[in-house]
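A short worksheet on the structure shown next.
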Protein chains: 2
Amino acid sequence: MDTLETRELRYFVAVAEELHFGRAAERLGMAQPPLTRAIQQLERRLGVRLLERDRRGVSLTGAGEMLLHEGRAALDATTAAARRTRRAGDADGPGGPRNRLVLAVKAGASHELLHKLLDAYAAEPDAAVVEVLPSGTCEQEGMLRDGRADVALMHAPFNSLTGFDSQELMTEGQIAILPASHPLAAQKTLTLADVSDIPDLPLARWARHGTYPPGPGPEIHDQTQLAQLIALGRTVAVFPDSARAWLWAEHTAVPLTDAPPVVTHIAWPAHSRSLALAGLIRTATRL
Amino acid sequence: MDTLETRELRYFVAVAEELHFGRAAERLGMAQPPLTRAIQQLERRLGVRLLERDRRGVSLTGAGEMLLHEGRAALDATTAAARRTRRAGDADGPGGPRNRLVLAVKAGASHELLHKLLDAYAAEPDAAVVEVLPSGTCEQEGMLRDGRADVALMHAPFNSLTGFDSQELMTEGQIAILPASHPLAAQKTLTLADVSDIPDLPLARWARHGTYPPGPGPEIHDQTQLAQLIALGRTVAVFPDSARAWLWAEHTAVPLTDAPPVVTHIAWPAHSRSLALAGLIRTATRL
DNA sequence: GGCCTGTGATACCCGGCGGGTATCACACGT
DNA sequence: ACGTGTGATACCCGCCGGGTATCACAGGCC
């Protein structure tokens with residue numbers, strides 16, 4: 001009567017994202033007519049119009065937008081339930097209850113802190129096996145939400161910590177990484193304004209959630225790619241201080257005086273009750 | 001293949017809570033055999049044993065406990081999606097987009113703050129209709145999670161704020177409420193130790209999540225009931241300062257010097273994106 | 001204006017599976 | 001030995017989710 005099935009949610013989210021029944025059906029690996037029928041049935045059961053279909057296109061009503069947001073959250077929660085249950089089953093299954101933890105880390109960030117954390121935790125008695133999962137830019141939130149990861153290292157203010165419990169680990173400044181040959185590389189310090197409009201050196205743009213912010217700079221999705229472009233004198237980038245670890249000889253790092261400090265947190269789903277996780281967090285706070 | 005249906009989650013949670021297929025089936029309004037089959041199928045699909053059935057009873061495996069926790073969260077998220085979507089539909093349906101907000105408040109707490117908040121918000125332009133939903137002791141968390149409420153007033157340290165965004169509104173001390181006739185009522189201040197072992201005046205016990213903490217005091221689930229028992233000289237209770245508003249003539253309030261301060265927060269689900277909610281929060285922070 | 005194209009909606013059929021009833025298998029009380 | 005209460009099995013049926021074919025309709029052509 002009033003209990004949404006996850007199948008219905010999956011269908012609706014697909015349609016709401018594509019805004020096109022045909023494409024949504026294809027994405028779902030099914031034909032279009034049953035999809036149409038399923039959405040109609042969903043609307044009847046909820047007693048609410050979710051989509052406005054005026055021939056040539058579909059758009060979301062207010063209720064539709066609500067269901068898109070809430071439905072995504074619900075779907076994430078159920079897939080998280082499935083994933084975490086499977087992993088828990090592996091643990092208490094064969095070979096004794098060897099717990100495992102999946103830690104999501106932005107690829108290539110803060111090696112040093114990560115190393116210290118993993119070493120310190122491994123020395124703990126009863127330490128679980130920590131699997132490090134490299135994640136794309138700002139993707140850790142989704143990974144925690146849908147159960148791909150149990151815990152993550154996040155960098156405020158880039159990551160949003162809303163909805164998670166977290167603990168502050170480290171604060172650092174930011175630096176501009178320039179070609180060593182560029183005149184500005186000789187400065188002792190710079191400001192954001194200095195680096196954001198250098199005529200011959202546009203700021204690189206990172207992909208966030210699959211799309212790129214507008215601007216003149218090159219589109220980047222790989223750190224080595226970026227490093228190369230900087231070395232070639234084609235772009236600048238702004239990074240937390242710990243990025244100095246991977247600088248090349250052709251790079252120069254210059255501190256930014258007015259960039260907001262970057263705070264590294266360890267974050268986890270608020271409702272977690274895992275002992276292994278608690279141990280890792282305890283270790284982290286003692287660093 | 002790997003996508004849990006909410007029906008399966010409902011079934012499993014019922015069995016895991018009852019630890020008995022027959023009772024669980026009854027609670028679900030179905031017969032026992034299909035329930036058994038559904039759980040078996042669920043275990044097969046997850047590739048994990050969830051229940052240990054040794055004749056005469058059922059118990060949870062580690063994976064089962066995981067699925068119980070995560071599954072509850074997922075079920076809450078889907079029922080929240082349904083409820084919020086229905087409400088959003090009512091709003092953008094007939095009579096113009098009149099938004100509504102449901103505010104969960106512990107029954108009978110902090111009248112004064114609540115009044116100020118509602119009055120101030122009602123004076124805002126484009127204020128939504130705020131529906132006040134009285135909730136049992138410490139039940140606000142569940143109400144936010146499953147969509148019965150959009151926002152809640154919570155009292156740390158009694159309510160757990162994990163998983164929600166929140167804003168501090170007010171801090172107050174705690175008082176002991178005694179029968180006016182009792183000798184201790186003459187004191188200017190008291191300590192927790194003073195009131196926790198008065199031989200003839202055991203501390204009242206409140207129901208939390210349906211169960212009562214152990215102890216000698218009377219079991220309470222209603223505020224007037226408690227007030228009456230105090231007036232009769234049968235018990236003491238500890239409350240935030242604002243409880244003075246409902247004291248009777250037969251009651252005396254004595255400040256507690258060592259009780260932790262009670263902090264009232266306004267809290268909401270971390271992923272909310274409602275404009276009306278944002279307005280209410282903005283108003284609250286200006287009080 | 002006729003026609004094609006692309007959209008979502010409808011009509012109809014079929015197979016699978018969710019659910020029910022009856023029964024079994026087994027461990028415990030007496 | 002037998003009754004009792006547990007979960008598991010066997011079997012059947014009706015519904016509903018999904019597929020194919022088709023419709024209805026609005027634009028954009030020439």
Side-chain angles (χ1 to χ4, degrees), chain A residues 1-61 63-65 67-68 71 75 78 82, chain B residues 1-61 63-65 67-68 71 75 78 82:
Chain A
M1 179 58 74
D2 75 321
T3 168
L4 293 190
E5 287 301 317
T6 70
R7 181 176 45 82
E8 305 180 279
L9 284 178
R10 271 205 331 273
Y11 290 1
F12 176 75
V13 168
V15 173
E17 284 179 354
E18 300 283 348
L19 290 177
H20 189 290
F21 279 79
R23 282 194 299 274
E26 187 184 9
R27 198 173 101 182
L28 293 166
M30 64 187 293
Q32 168 256 321
L35 219 202
T36 294
R37 204 179 48 182
I39 301 292
Q40 290 172 333
Q41 178 173 331
L42 179 60
E43 287 180 316
R44 280 207 328 271
R45 286 174 59 191
L46 288 171
V48 158
R49 279 199 85 63
L50 299 170
L51 300 170
E52 213 58 69
R53 38 276 242 199
D54 50 357
R55 307 215 159 271
R56 218 76 171 187
V58 175
S59 60
L60 289 171
T61 65
E65 304 225 22
L67 187 57
L68 179 56
L75 285 178
T78 68
Chain B
M1 180 57 75
D2 75 320
T3 168
L4 294 190
E5 287 302 317
T6 71
R7 181 176 45 82
E8 304 180 279
L9 284 178
R10 272 205 332 273
Y11 290 1
F12 176 75
V13 168
V15 173
E17 285 178 354
E18 301 283 349
L19 291 177
H20 189 289
F21 280 78
R23 282 195 299 274
E26 186 184 9
R27 199 173 101 183
L28 292 166
M30 66 188 293
Q32 168 257 320
L35 219 202
T36 293
R37 205 180 47 181
I39 301 291
Q40 289 172 332
Q41 178 173 330
L42 179 60
E43 287 180 316
R44 279 208 330 269
R45 286 174 59 191
L46 288 172
V48 158
R49 279 199 84 64
L50 299 169
L51 301 170
E52 214 57 69
R53 38 278 241 198
D54 49 357
R55 310 214 157 271
R56 216 79 169 187
V58 175
S59 61
L60 289 172
T61 66
E65 304 225 21
L67 187 58
L68 179 55
L75 285 178
T78 69

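Per chain, numbering begins at 1; letters A, B, ... match sequence-line order.
Proximity note for A:Arg53 (side chain, C-beta onward) versus C:dG8, D:dA21, C:dG19: the nearest is C:dG8. For A:Thr36, counting side-chain heavy atoms from C-beta on, the closest listed nucleotide (D:dG19, D:dA8, C:dG8) is C:dG8.
Note that the CZ atom of B:Arg7 and the CG atom of B:Leu75 stand 12.5 Å from one another [nearest 0.5 Å]. Note: B:Glu5 CD to A:Thr3 OG1 = 10.0 Å, rounded to the nearest 0.5 Å. Note that CG of B:Leu9 is 10.5 Å distant from CG of B:Leu68, once rounded to the nearest 0.5 Å. Here CD of B:Glu8 is found 5.0 Å from CG of B:Leu42. Values are rounded to the nearest 0.5 Å. With values rounded to the nearest 0.5 angstrom, B:Arg10 atom CZ is found 7.0 Å from B:Leu28 atom CG.
Within 6.0 Å of CD in A:Glu26 there are 12 or fewer heavy atoms belonging to other residues, nucleotides or ligands.
Backbone-only contact: B:Gln41 has heavy atoms under 4.0 Å from sugar-phosphate atoms and none from a base. B:Glu8 comes within 4.0 angstrom of nothing in the nucleic acid, heavy atoms only. Using a 4.0 Å heavy-atom distance criterion, A:Gln40 is classed as a sugar-phosphate-only contact.
To the nearest angstrom, P of D:dG17 lies 12 Å from CG of A:Leu42. Rounding to whole angstrom units, CG of residue B:Asp54 and C1' of D:dG5 are separated by 15 Å. The distance from atom CD of B:Glu5 to atom C1' of D:dG17 is 11 Å, rounded to the nearest whole Å. A:Arg37 has its CZ atom 19 Å from the P atom of D:dC23, to the nearest Å. At whole-Å resolution of the value, CD in A:Glu18 and P in C:dG6 are 18 Å apart. Atom CZ in B:Arg45 sits roughly 12 Å away from atom C1' in C:dC17 (whole-Å rounding). In this entry the distance linking CD of B:Gln32 with P of D:dG5 reads 14 Å, nearest Å. The CG-P distance, from A:Leu35 to D:dG19, rounds to 9 Å in whole Å.
With hydrogens and angles ignored, no donor-acceptor pair closer than 3.5 Å exists between the side chain of B:Arg7 and the base of C:dG18.
The stretch residues 20-30 of chain A touches DNA chain C through A:His20, A:Phe21, A:Gly22, each having a heavy atom under 4.0 angstrom from the strand.
Minimum interatomic distance between B:Leu60 and B:Ala16 (heavy atoms only, all atoms of both residues): CD2-CB, 3.8 Å.
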